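As the structure is a prediction and not an experimental result, all values here were calculated from the model.
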Amino acid sequence: MATSFEVLAEPTRRRILDLLLERPRSVGELVEQLRLSQPGTSKHLRVLRDNGFVRVRQDAQRRWYEIRPEPLAEVDAWLAPYRRLWDHHLDALERHLDAMPEDAPGTGPDGARGAGSRPGS
């Protein structure tokens, strides 16, 4: 079985998850949205199913696929330290912007440069 990252490395599989995030879909709908062949779409769905990212529900002749969020927890946990890193940088930017004088020369009331305004002009 592949790791979550190996499964998600394939752009088509990420696109399938994006589509399933909206709502459950049949194979036919996914084929139409992805503009892939039915066998090609089914191959990606099999990888997602075998690795727990989607579940399939049989309804007469149709198979409906829906997302399972549990495997994404591994990815979320891996991203957590990176979110903290970005939060730290964004907090520092906010502190810097808050410390800037509001009436700095060459800036408008919101701190943005006016149209056509250049430093030194």
- Task: Walk me through it: do R23 and E29 pass the test salt bridge (charged side-chain N to carboxylate O under 4.0 Å, His left out)?
- Result: CA-CA 11 Å; R23 62 182 170 80; E29 285 181 84; 2.9 Å; yes
- Message: If hydrophobic clusters are built by linking Ile, Leu, Val, Met, Phe, Trp and Tyr wherever their side-chain heavy atoms come under 4.5 Å apart, do L97 and W86 end up in the same one?
- Response: no
- Message: For the CD atom on E10, are there more than 12 heavy atoms of other groups (residues, nucleotides or ligands in this structure) within a distance under 6.0 Å?
- Response: yes
- Hey, could you give me the CD/CZ distance between E74 and F5, rounded to the nearest 0.5 Å? 5.0 Å
- Should the heavy atoms of other residues, nucleotides or ligands under 6.0 Å from CZ of R83 be counted, would the total exceed 12? yes
- Can you get from M100 to L93 by hopping between Ile, Leu, Val, Met, Phe, Trp and Tyr side chains that sit under 4.5 Å apart? yes
- Note on the structure: Residues at least two apart in sequence or cross-chain that pass side-chain hydrogen bond (donor to acceptor under 3.5 Å, both in side chains) with R55, listed by chain then number, are E66
- Item | Residue pair L20 / Y65: nearest heavy atoms and the distance that separates them | CD2-O, 3.3 Å
- Message: When you measure from the side chain of Q58 to the backbone of A60, do you find a donor-acceptor pair of N or O atoms at a distance under 3.5 Å?
- Response: yes
- Query: Would you call V54 and R68 a side-chain contact if the rule is heavy atoms closer than 4.5 Å?
  - Reply: no
- Message: With a 4.5 Å cut-off on side-chain heavy-atom distances among I, L, V, M, F, W and Y, is there a chain of contacts connecting L21 to V27?
- Response: no
- Where L36 and T41 come nearest, the two heavy atoms and their spacing: CB-OG1, 3.5 Å
- Item | Minimum heavy-atom distance between L19 and L30, given as atom pair plus value | CD1-CD2, 3.9 Å
- Message: Distance check, rounded to the nearest 0.5 Å: L45 atom CG versus T12 atom OG1?
- Response: 10.5 Å
- Identify whether L85 and L79 are in the same connected component of the hydrophobic contact network (ILVMFWY, side-chain heavy atoms under 4.5 Å). no
- Could you state the interatomic distance from CD1 (I16) to CG (L34), rounded to the nearest 0.5 Å? 5.0 Å
- Which atom names give the shortest non-hydrogen contact between P71 and S4, and what distance separates them? O-OG, 3.7 Å
- Closest non-hydrogen contact found for R14 with L8 is NH1-O, 2.7 Å
- Message: Using side-chain heavy atoms (C-beta onward) and a distance below 4.5 Å, is V56 in contact with W64?
- Response: no
- Report the C-alpha distance between R15 and H44 in whole Å, list the side-chain angles of each, state the deciding distance to 0.1 Å, and finish with yes or no for side-chain contact (heavy atoms from CB on, under 4.5 Å). CA-CA 10 Å; R15 177 72 177 126; H44 290 296; over 6 Å; no
- Query: Does some side-chain heavy atom of R63 sit less than 4.5 Å from a side-chain heavy atom of R57?
  - Reply: no
- Task: Please answer whether the main-chain N or O of L72 pairs with a side-chain N or O of D76 as donor and acceptor at a distance below 3.5 Å.
- Result: no
- Backbone of V7 reached by a side-chain donor or acceptor of R13 within 3.5 Å: yes
- Here the gap from Q61 atom CD to S26 atom OG, rounded to the nearest 0.5 Å, amounts to 13.0 Å
